[in-house]
Every structure is written in structure tokens, then in C-alpha cells.
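Let me begin by presenting the structure, written as C-alpha cells, before commenting on it.
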2 protein chains.
Amino acid sequence: MPAIPLSYSDIAEDISARIRSGEYSPGDKLPSYTQLAELYSVSFSTAARAVALLRDRGLVIGAPGRGVFVAEQPQSQQ
Amino acid sequence: MPAIPLSYSDIAEDISARIRSGEYSPGDKLPSYTQLAELYSVSFSTAARAVALLRDRGLVIGAPGRGVFVAEQPQSQQ
DNA sequence: CACCATTTGTTCGTATGTATG
DNA sequence: GCATACATACGAACAAATGGT
């Protein structure tokens, strides 16, 4: 284990940075919860929670049964 | 079980509405996680998660060991 | 100072429901 | 029907901070 595992907040920030950098472009599908959990060496729950944060911020849109996609709009939240 | 329990998102929205309505004023301390869990008939985890959402939105500020307080500023988030 | 109860904040694992293909 | 994937709830556990005794 790489010392301390990343928190869901850290993971959300990392993904957020990758979206800003263009690594993940609008319309792109993010890795699945299971894959994210693997990637960041955290549990499924923690990976899901990181994505939930991004969803709340309007950066990504979850589509049950299909995946999580980077939002097209730059933003807009309420 | 009272039909369907409220989701953390629903609870966050309810508390948010109570802040907007003035039921909870800036500086006020919200009920503790344990009390919120009791109030909304959900688990501790779910109550804590609802508050986490409000924290992320800048509506409240958590103070470990003391409580959660309604933010003074109307907002500002990044 | 030492305890101790309370409270925030988080992780994890398991389970369930729903949607998609 | 089935496998995959999102979305959420729950309970147990723990760390850290605070405040009172």
C-alpha cells in the first residue's frame, strides 16, 4: 500500500484535474466504479463517492447501466 | 419501515431549504449527526453524508469536536 | 494534568434496486 | 434471462478534535 490511501475528495480532485487538462474530454466515459477503485487502490464505495461529488458539481453525468460521462457544458449548477 | 427512507440527497435538500427559510440562521449549530439520523430516520452514515454535501456546497462548515454550523457568507465556492 | 464523552469525518464491505444492452 | 454498471443505504470501525470533569 502506498502509505496513505487517497480520500474520496482527493480522488475527485484528481479526476477533476484530468478533465480540466483534457485527458477526459466532454462526452468521454470515465472508468467504471470498479476500475476506479482498482486505479486508486480504494474500495468500490470510496470510488463511487468520489464520482458522486463530481456529479453534484456538475462535472460528470451518471447514466445507470451505461457509465459516467464528462459533462458537455462547462457548468451551471444550482 | 416507513416506506422509503430519504436519500442523503433529499436530506441535504431539506436542510438546505431550512437554511434558506431562516429556520437555521448563519452561525447556528445544526443537530449532530446522531440527532439528524434520528430526525430523518436514517443511519449515521447517511446523515453524515448529507452534511458532507452541504459542506461541499459551502452552506455549512464542520468543526470536528464541536459541530456543524451554518456558514456566514452567502457563498463562494471554487 | 489525566480521563472521558461527544462530535466530526472518513473508510470499508455488504447488500439492494434500477437501468442498459 | 443475464452480466455490467450506476446509485444508494447501512453498520461497524476508527482517527482526530473538542470540552468538561
Side-chain angles (χ1 to χ4, degrees), chain A residues 1-16 18-19 24-73 77-78, chain B residues 1-16 18-19 24-73 77-78:
Chain A
M1 275 109 275
I4 320 171
L6 295 177
S7 70
Y8 73 91
S9 190
D10 293 334
I11 296 172
E13 175 48 42
D14 184 78
I15 297 175
S16 182
R18 290 173 193 275
I19 291 175
Y24 295 135
S25 302
D28 280 2
K29 182 182 174 303
L30 294 188
S32 70
Y33 287 175
T34 303
Q35 290 173 325
L36 288 174
E38 181 76 23
L39 279 172
Y40 292 99
S41 299
V42 295
S43 70
F44 175 91
S45 318
T46 300
R49 189 160 176 181
V51 171
L53 229 174
L54 298 174
R55 214 177 340 116
D56 190 65
R57 290 179 183 170
L59 291 179
V60 302
I61 297 174
R66 295 199 295 126
V68 177
F69 302 85
V70 177
E72 301 285 351
Q73 264 78 7
Q77 198 83 9
Q78 180 246 355
Chain B
M1 276 111 271
I4 318 170
L6 294 178
S7 70
Y8 73 92
S9 188
D10 293 334
I11 296 171
E13 175 49 41
D14 184 78
I15 297 174
S16 182
R18 289 173 194 276
I19 290 175
Y24 295 135
S25 303
D28 280 3
K29 182 182 174 304
L30 294 188
S32 70
Y33 288 175
T34 302
Q35 290 172 324
L36 288 174
E38 182 75 25
L39 278 173
Y40 292 99
S41 299
V42 294
S43 69
F44 175 91
S45 319
T46 299
R49 189 160 177 182
V51 172
L53 229 173
L54 298 175
R55 214 176 342 114
D56 189 65
R57 290 179 183 170
L59 290 179
V60 302
I61 297 174
R66 295 201 293 127
V68 176
F69 302 86
V70 178
E72 300 286 352
Q73 263 77 9
Q77 198 85 8
Q78 180 248 354

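Values below: every heavy atom of this structure, side chains too, minus hydrogens, waters and symmetry copies. Naming convention: chains lettered A, B, ... in sequence-line order (proteins, then strands); numbering from 1 in each chain.
- Looking only at distances, no side-chain donor or acceptor of A:Ser25 sits under 3.5 Å from a matching main-chain atom of A:Asp28.
- In this view, A:Asp14 and A:Arg18 satisfy the salt bridge (charged side-chain N to carboxylate O under 4.0 Å, His left out) rule, not counting sequence neighbours.
- In summary, of the residues considered (A:Leu54, A:Ile15, A:Val51), a side-chain contact (heavy atoms from CB on, under 4.5 Å) with A:Leu59 occurs for A:Leu54 alone.
- Here the side chains of A:Arg66 and A:Lys29 are not in contact, with every heavy-atom distance at 4.5 Å or above.
- Close approach of DNA chain D to chain B, defined as any atom under 4.0 Å from a non-hydrogen atom of the protein, starts and stops at D:dT8 to D:dG19.
- Here the side chains of B:Ile11 and B:Leu36 are not in contact, with every heavy-atom distance at 4.5 Å or above.
- Two residues are said to be in side-chain contact when any heavy atoms from C-beta on lie closer than 4.5 Å; B:Arg57 and A:Asp56 meet this criterion.
- Taking every heavy atom of residues 27-39 of chain A and every atom of DNA chain C, no pair lies under 4.0 Å.
- The closest donor-acceptor contact from the side chain of B:Ser32 to the backbone of B:Gln35 lies under 3.5 Å.
- Annotation: side chain of B:Ile61 is not in contact with side chain of B:Glu72 (no heavy-atom distance under 4.5 Å).
- With sequence neighbours left out, the salt bridge (charged side-chain N to carboxylate O under 4.0 Å, His left out) criterion links B:Glu38 to no other residue.
- Sorted by first then second residue, the ring pair (Phe, Tyr, Trp, His ring centres under 6.0 Å) pairs that include residues 40-67 of chain A, not counting sequence neighbours, are A:Tyr33-A:Phe44.
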Sugar-phosphate means primed atoms, P, OP1 and OP2; the rest is base. With that split, encode nucleotides 11-21 of chain C 5' to 3' as B, S or - using protein heavy atoms under 4.0 Å. BBBB----BSS

